[in-house]
Amino acid sequence: MANIWSIYGLCVAFSVLLKPIHGYFVTVDAHSEECFFDKVEMGTKMGLMFEISEGGFLDIDVRITGPDGNIIYQGERESSGKYTFSAHMSGVYTYCFSNQMSTMTPKVVMFNMEVLSTQPSEDDKGEKGDHPNLQDMIRQLGESLTSVKHEQEYMSVRDRIHRSINESTNSRVVWWSFFEAVVLVTMTIGQIYYLKRFFEVRRVV
């Protein structure tokens with residue numbers, strides 16, 4: 001009996017770990033908006049994680065809308081974020097990234113739309129029997145592993161962004177130092193030439 005429950009637990013674990021998790025990179029052009037949709041049942045726990053990896057000041061407007069048209073979450077000029085909520089009704093939920101404020105720069109957004117958990121059905125409750133916490137523990141473990149995986153992905157994106165900023169800053173510092181050196185050499189040569197001409201003129205006089 002214990003072996004049966006162990007096999008059942010492993011099957012549930014794999015079903016949780018292999019549930020569809022949508023990860024995307026999307027380019028949002030200037031003066032445009034990109035929207036995505038997720039259809040779920042009432043009571044479903046949902047999550048949105050996003051990070052701006054390229055473009056302008058690395059900011060974008062975010063909006064989550066419910067099936068009834070009401071705005072669940074709205075943020076302006078955000079560089080990254082993580083928002084979790086429970087579906088208040090069954091239907092299609094809309095996630096939109098807006099780059100309307102940008103005049104010419106497109107933005108590259110990395111984001112995940114995920115269904116974290118759902119309310120257990122009556123059949124699931126009946127199947128649990130004397131082990132009511134087994135599926136919950138496995139589900140929580142799967143969600144924790146998924147969260148860690150996403151955090152690693154976002155840390156990788158942030159590392160790439162910061163490395164790009166550092167390289168750009170270092171490049172600007174090098175070019176500015178080179179420019180200062182050229183100006184200094186030019187001024188030195190100019191002063192030497194001026195003094196030389198000054199003494200030559202006085203000698204002639």
Side-chain angles (χ1 to χ4, degrees), residues 13-119 138-170:
F14 279 112
S15 67
V16 171
L17 295 177
L18 297 179
K19 65 182 180 181
I21 300 170
H22 310 289
Y24 302 96
F25 275 95
V26 61
T27 300
V28 185
D29 294 326
H31 298 295
S32 66
E33 183 179 75
E34 296 288 342
C35 293
F36 301 86
F37 310 92
D38 212 343
K39 185 176 182 180
V40 298
E41 299 297 326
M42 183 177 64
T44 300
K45 189 178 180 182
M46 308 168 65
L48 172 67
M49 298 176 65
F50 66 93
E51 177 89 21
I52 312 304
S53 60
E54 296 180 19
F57 294 102
L58 302 178
D59 58 351
I60 204 165
D61 296 338
V62 184
R63 185 178 71 256
I64 302 177
T65 308
D68 52 0
N70 291 331
I71 296 177
I72 299 173
Y73 173 77
Q74 186 170 12
E76 296 182 355
R77 298 182 179 276
E78 297 189 346
S79 297
S80 62
K82 180 179 181 180
Y83 184 71
T84 304
F85 64 98
S86 295
H88 61 281
M89 62 184 299
S90 301
V92 177
Y93 288 77
T94 307
Y95 306 80
C96 293
F97 299 96
S98 175
N99 195 22
Q100 300 285 350
M101 74 289 195
S102 180
T103 56
M104 62 181 65
T105 307
K107 308 290 177 62
V108 178
V109 185
M110 174 189 177
F111 71 99
N112 286 308
M113 296 159 37
E114 57 183 2
V115 177
L116 300 177
S117 63
T118 57
Q119 295 291 342
I138 295 174
R139 184 180 293 109
Q140 291 176 5
L141 176 61
E143 293 175 1
S144 298
L145 293 176
T146 301
S147 177
V148 170
K149 176 178 177 293
H150 289 169
E151 289 295 335
Q152 290 178 340
E153 293 175 352
Y154 282 105
M155 288 299 295
S156 176
V157 173
R158 292 189 186 101
D159 178 69
R160 187 170 69 248
I161 294 172
H162 293 161
R163 184 168 59 249
S164 176
I165 293 174
N166 290 335
E167 291 176 353
S168 176
T169 302
N170 292 337

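Quick note: residue numbers are just sequence positions, from 1.
Within the 4.5 Å cutoff, no side-chain heavy atoms of L48 are placed close to those of K82. Residues V109 and E34 are not in side-chain contact: their nearest non-hydrogen atoms beyond the backbone lie 4.5 Å or more apart.
Across all non-hydrogen atoms, the minimal contact from I72 to T65 is CD1-C, 4.3 Å. Closest of all the heavy-atom pairs between G66 and H88 is CA-CE1, 4.4 Å. Residues E33 and S98 share a closest heavy-atom pair of OE2-CB, 3.6 Å. The two residues T84 and K45 make their nearest non-hydrogen contact at CG2-CE, 3.5 Å. Between P106 and D29, the shortest heavy-atom contact is CB-OD1, 3.8 Å. In this structure, V62 and E78 approach most closely via the heavy-atom pair CG2-OE1, 4.3 Å.
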I would like to know whether M46 and Y95 meet side-chain contact (heavy atoms from CB on, under 4.5 Å); could you show each step before the answer? CA-CA 11 Å; M46 308 168 65; Y95 306 80; 2.9 Å; yes
Decide side-chain contact (heavy atoms from CB on, under 4.5 Å) for R63 and T94; before the verdict, give the C-alpha distance in whole Å, the side-chain angles of both, and the deciding distance to 0.1 Å. CA-CA 8 Å; R63 185 178 71 256; T94 307; over 6 Å; no
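Taking F36 as the reference, Y24, F111 meet the ring pair (Phe, Tyr, Trp, His ring centres under 6.0 Å) condition, with sequence neighbours excluded. Here S79 pairs with nothing under the side-chain hydrogen bond (donor to acceptor under 3.5 Å, both in side chains) rule; sequence neighbours left out.
S53 places a side-chain N or O within donor-acceptor distance of the main-chain N or O of V108, the cut-off being under 3.5 Å.
Residue Q100 qualifies as enclosed at atom CD: its count of foreign heavy atoms under 6.0 Å is above 12. Residue Q74 places its CD atom among more than 12 non-hydrogen atoms of other residues, nucleotides or ligands, all under 6.0 Å distant.
Expressed to the nearest 0.5 Å, how far NZ of K107 lies from CG of N99 amounts to 4.5 Å. One finds the CZ atom of F50 at 13.5 Å from the CE atom of M113 (value rounded to the nearest 0.5 Å). Rounded to the nearest 0.5 angstrom, M42 CE and S86 OG are separated by 11.0 Å. A distance of 11.0 Å separates SG of C96 from CG of D61, quoted to the nearest 0.5 Å.
The aromatic rings of Y93 and F85 sit tilted, their planes meeting at an angle between 30° and 60°.
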